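Step one of this worksheet: look at the structure below.
Chain identifiers are assigned alphabetically (A, B, ...) following the order of the sequence lines, protein sequences preceding nucleic acid strands; residue numbering begins at 1 within each chain. Model, not experiment: these values are computed from the prediction.
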Number of protein chains: 2
Amino acid sequence: MERGRSALGPALELVHTGRAPTRAVLTAELGVTRATAGVVAAELETLGLIRVDSRPTAAAGAQGRPSHRLAIDPDGPVALAAQVHADGFRAALVGLGGRTVATAPGAMSVPADPVHVLTAVVEAGAELLRRTGRRCLGAGLAVPSAVAEPEGAALNPLHVAWPAGAPVREIFAERVREAGVLGPAGTPVTAFTGNDINLAALAEHRHGAGRGSRDLLCVATGHRGVGGALVLDGRLHSGSSGLALEVGHLTVNPEGRPCYCGSRGCLDVEADPLAFLTAAGRDAGPEVSLLRQAADLLRTEYGDPAVRAATGQLIDRLGLGLAGLVNILNPDRIILGGLHRELLAADPDRLRAVVADRSLWGRSGGVPILPCTLDHNSLVGAAELAWQPVLDDPLGALAGQREKRA
Amino acid sequence: MERGRSALGPALELVHTGRAPTRAVLTAELGVTRATAGVVAAELETLGLIRVDSRPTAAAGAQGRPSHRLAIDPDGPVALAAQVHADGFRAALVGLGGRTVATAPGAMSVPADPVHVLTAVVEAGAELLRRTGRRCLGAGLAVPSAVAEPEGAALNPLHVAWPAGAPVREIFAERVREAGVLGPAGTPVTAFTGNDINLAALAEHRHGAGRGSRDLLCVATGHRGVGGALVLDGRLHSGSSGLALEVGHLTVNPEGRPCYCGSRGCLDVEADPLAFLTAAGRDAGPEVSLLRQAADLLRTEYGDPAVRAATGQLIDRLGLGLAGLVNILNPDRIILGGLHRELLAADPDRLRAVVADRSLWGRSGGVPILPCTLDHNSLVGAAELAWQPVLDDPLGALAGQREKRA
DNA sequence: CGTATTTTGTTCAGGCTCGGCACAAAGCCA
DNA sequence: TGGCTTTGTGCCGAGCCTGAACAAAATACG
């Protein structure tokens with residue numbers, strides 16, 4: 001067995017998340033000696049995961065010997081990332097560092113059963129792998145539904161018209177096997193599956209607006225309804241059976257309309273794209289997704305008094321929901337996606353004021369509220385699932401079979 | 001430096017929480033060899049923390065060589081635990097394993113400022129230390145208020161009539177210094193402070209009804225209002241600034257009475273002891289705490305139709321609140337304290353049915369709901385805070401100054 | 001312009017901890 | 001009494017890391 005270092009995983013994670021640009025910072029962040037950091041970096045380079053600049057780079061106005069930059073190897077291995085959403089699907093190859101290497105969108109006829117859709121998206125991914133000739137170390141899938149653990153069943157994949165309880169992880173894994181997507185050991189790569197908003201939050205935490213946060217709350221709308229996610233200490237918190245952060249049924253309007261959950265005035269029916277269109281007095285057309293329609297309306301017709309009033313109303317409802325979550329979770333940062341991101345952009349002060357006003361203690365209400373920054377963050381997050389074993393034990397993941405226990 | 005083993009902390013934690021009754025199980029739980037487990041146990045014994053039975057104990061009907069039992073040394077060091085509540089205060093010495101070695105209650109004239117109360121309770125604890133001659137390794141304080149991190153300020157210590165924002169951790173630490181409570185290094189022991197329900201949850205997780213849970217939710221009433229706590233992977237989750245699980249303002253009755261928070265029908269005013277007395281048509285007397293009055297009424301007059309009706313109503317409200325928390329946190333167990341514990345005892349099926357019915361997915365609604373089992377669990381939890389450094393690094397904590405970094 | 005200083009990176013020796021193995025101990029079972 | 005099974009201990013070697021000495025590459029300064 002080659003000599004493997006137990007600090008290998010943490011070191012790779014630091015480079016992966018862009019927190020270790022040089023060996024000197026790596027030394028500090030890992031809390032080890034320069035000697036160790038040097039060996040670790042060399043090891044990661046021989047594994048083909050990172051690259052050490054051959055030419056030194058001097059920091060501006062800094063004394064001392066200039067350092068060599070560390071970066072994820074742009075020609076390194078990739079993860080196969082897949083996403084299914086209301087308008088179709090998308091496959092991509094994502095490298096370490098969250099860089100999308102190749103991508104392929106696809107359309108979908110609406111009553112499409114999960115096996116067909118996942119076959120198509122995995123096939124698109126496999127085609128990308130063939131075209132680029134990249135090594136693949138894992139596969140991840142993002143679905144617009146709560147995913148029950150540990151089985152990986154999609155409980156409410158309504159936007160994609162799948163049957164409730166569809167065993168998506170199993171289907172996805174089966175399609176990956178079938179498509180012959182092999183890892184270094186010559187066996188099919190492991191296939192992971194998660195909720196799209198959860199994965200978006202994970203991606204934003206590692207590579208986007210959530211970098212450095214310890215208690216990150218992410219709230220977003222998709223096509224219909226409202227979803228949430230929580231990243232604690234760098235790990236997704238999805239609860240004991242994957243069903244945490246189902247935030248859609250917080251009461252945000254005691255006099256609001258009845259919800260299918262039995263209560264009334266739930267966030268799900270008071271702050272989603274359909275609620276916005278209704279509040280603005282528009283009819284929803286069938287051609288594109290409700291999210292697209294709502295976002296377009298908000299961006300192009302904000303001058304219209306009805307649109308402006310609807311925006312204010314939804315901001316107030318959303319703010320109430322966020323304040324409720326702040327009282328329960330006390331995050332250090334909030335990231336908004338989908339229509340909520342547009343609402344934030346339209347009137348950030350109003351949203352922040354509502355949250356601060358309705359949180360119990362001013363201090364926790366002063367939490368920063370930011371928009372998502374990554375494109376296709378659910379795809380990047382799906383890749384993060386696949387990268388996790390590599391980050392936990394680079395040697396084991398690349399050797400494929402010969403393992404070591406920390 | 002003596003030879004210190006990095007597995008020392010995990011091993012002590014296993015014995016502390018009663019999950020390692022013998023060296024054989026310790027071996028399995030730590031995932032090390034018998035050789036290592038043996039050395040670790042010997043080391044912990046020479047440190048005076050645990051005791052290894054000299055006589056072997058045969059498990060009933062088991063083959064093979066009988067094992068020697070491991071147990072926390074009953075004469076080992078203690079932590080000074082202190083609690084302040086609506087009716088007075090209490091000091092105690094708590095050993096590893098959550099065993100209360102000595103305790104001393106105290107009364108309090110109601111408008112008592114924090115310095116006086118904490119001086120009294122620390123003095124009572126110091127007296128216990130003098131009487132018993134125990135070594136003390138740390139001090140912990142439980143207060144009926146949210147405690148803001150990192151300063152340790154009590155934000156709403158209403159039940160004890162303290163000023164909002166009182167720097168209780170600082171005051172407590174100062175009193176501990178003043179009382180001359182010294183640790184092994186000859187310096188004053190570290191003083192920790194936390195919210196009482198948080199600490200109760202921590203204690204129940206380590207020694208009570210929460211043992212073995214990975215996502216533990218605890219909800220309880222004190223004198224007034226409703227509090228919550230969350231223990232994730234064995235660590236208290238109190239949010240980025242200590243203000244998580246302020247669950248009192250979940251809406252549980254859209255037609256309910258207005259709350260001081262600006263909303264209406266909040267859990268805080270719909271499911272606390274005063275709400276129960278009011279719903280049962282009783283007037284609150286001033287002599288004892290509202291919790292006591294409500295619990296007595298529920299236990300002694302459950303035959304009274306008004307009391308029974310009030311019980312049902314509060315169970316429904318509480319169930320709605322718990323369902324909301326289940327949708328957000330997806331815990332694997334719920335523990336109830338205070339009046340909520342009595343409500344659960346009165347009609348467990350009704351409460352479980354409401355939670356299951358109003359959680360989004362039947363499976364997460366099927367979470368077990370259990371009553372608290374420990375006496376004075378906030379005190380035991382306060383001691384847990386003080387034990388944490390010892391569990392993290394037994395050698396460092398006992399040496400007092402000579403440290404090692406894992 | 002040459003030397004001192006600062007920071008980065010490498011090589012080597014030594015030490016600490018743990019795993020693996022052999023062996024011993026202490027009870028059931030036949 | 002002689003296996004069998006489980007528990008506990010002693011010893012050696014492997015792996016990983018620290019510390020120190022050395023080397024390299026830039027800036028600072030007289």
Side-chain angles (χ1 to χ4, degrees), chain A residues 1-12 20-46 50-70 393-396 399 402-406, chain B residues 1-11 15 20-46 50-70 393-396 399 402-406:
Chain A
M1 173 182 313
E2 315 183 26
R3 58 180 186 175
R5 309 270 162 175
S6 77
L8 226 49
L12 180 57
T22 70
R23 267 175 291 207
V25 228
L26 185 63
T27 302
E29 292 287 321
L30 285 178
V32 297
T33 58
R34 288 202 302 275
T36 304
V39 177
V40 165
E43 186 81 19
L44 288 175
E45 190 171 27
T46 65
I50 74 170
R51 201 169 272 183
V52 183
D53 260 17
S54 51
R55 315 194 63 76
T57 311
Q63 278 192 57
R65 173 176 173 174
S67 47
H68 301 246
R69 302 201 70 77
L70 304 179
D393 179 7
L395 248 79
R402 288 278 62 79
E403 283 265 348
K404 68 169 177 54
R405 291 261 26 100
Chain B
M1 175 182 310
E2 317 181 26
R3 58 178 185 177
R5 309 270 163 176
S6 77
L8 226 51
V15 181
T22 70
R23 266 175 292 207
V25 239
L26 183 62
T27 301
E29 292 288 321
L30 285 179
V32 297
T33 57
R34 289 203 299 278
T36 304
V39 178
V40 165
E43 186 80 20
L44 288 175
E45 189 171 28
T46 64
I50 74 170
R51 201 169 272 186
V52 183
D53 261 18
S54 52
R55 318 193 63 76
T57 311
Q63 280 192 56
R65 174 176 170 173
S67 48
H68 301 246
R69 301 201 72 77
L70 303 179
D393 179 8
L395 251 84
R402 286 279 61 78
E403 283 265 348
K404 68 166 176 56
R405 293 258 29 96

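One interatomic measurement links the two molecules: CD of A:E43 to P of C:dT10, which rounds to 14 Å at whole-angstrom precision. Atom-to-atom, CZ of B:R69 to P of D:dG8 comes out at 11 Å; the value is rounded to the nearest Å. Straight-line distance from the CZ atom of B:R55 to the P atom of D:dG8: 15 Å, rounded to whole Å. Separating the CG atom of B:D53 from the P atom of C:dG27 is a distance of 14 Å, rounded to the nearest angstrom.
Less than 4.0 Å separates DNA chain C from at least one heavy atom of each of the following residues of residues 21-31 of chain B: B:G31.
Here B:S67 lies in heavy-atom contact (under 4.0 Å) with sugar-phosphate atoms only.
The salt bridge (charged side-chain N to carboxylate O under 4.0 Å, His left out) test applied to A:R51 returns A:D73, A:D75, not counting sequence neighbours.
Nearest heavy-atom pair across B:A11 and B:V40 is CB-CG1, 3.4 Å.
For the atom pair A:I50 CD1 and A:L44 CG, the distance stands at 4.5 Å (nearest 0.5 Å).
The phosphate of D:dC16 (OP1 or OP2) has no side-chain N or O of A:T36 nearer than 4.0 angstrom.
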Sugar-phosphate means primed atoms, P, OP1 and OP2; the rest is base. With that split, encode nucleotides 23-30 of chain D 5' to 3' as B, S or - using protein heavy atoms under 4.0 Å.
-> BBBSSS--

Using a 3.5 Å cut-off and no angle test, enumerate the donor-acceptor pairs between side-chain atoms of residues 25-34 of chain A and protein atoms at least two apart in sequence or in another chain.
{"unit_1": "A:T27", "atom_1": "OG1", "unit_2": "A:R23", "atom_2": "O", "d": "2.8"}
{"unit_1": "A:T33", "atom_1": "OG1", "unit_2": "A:T36", "atom_2": "N", "d": "3.4"}
{"unit_1": "A:T33", "atom_1": "OG1", "unit_2": "A:T36", "atom_2": "OG1", "d": "3.1"}

Would you mind writing out the side-chain donor-acceptor pairs for residues 52-69 of chain B within the sub-3.5 Å range, not counting sequence neighbours?
{"unit_1": "B:H68", "atom_1": "ND1", "unit_2": "B:D53", "atom_2": "O", "d": "3.0"}

Intermediate values then yes/no, side-chain contact (heavy atoms from CB on, under 4.5 Å), A:E43 and A:L395 = CA-CA 9 Å; A:E43 186 81 19; A:L395 248 79; 4.0 Å; yes

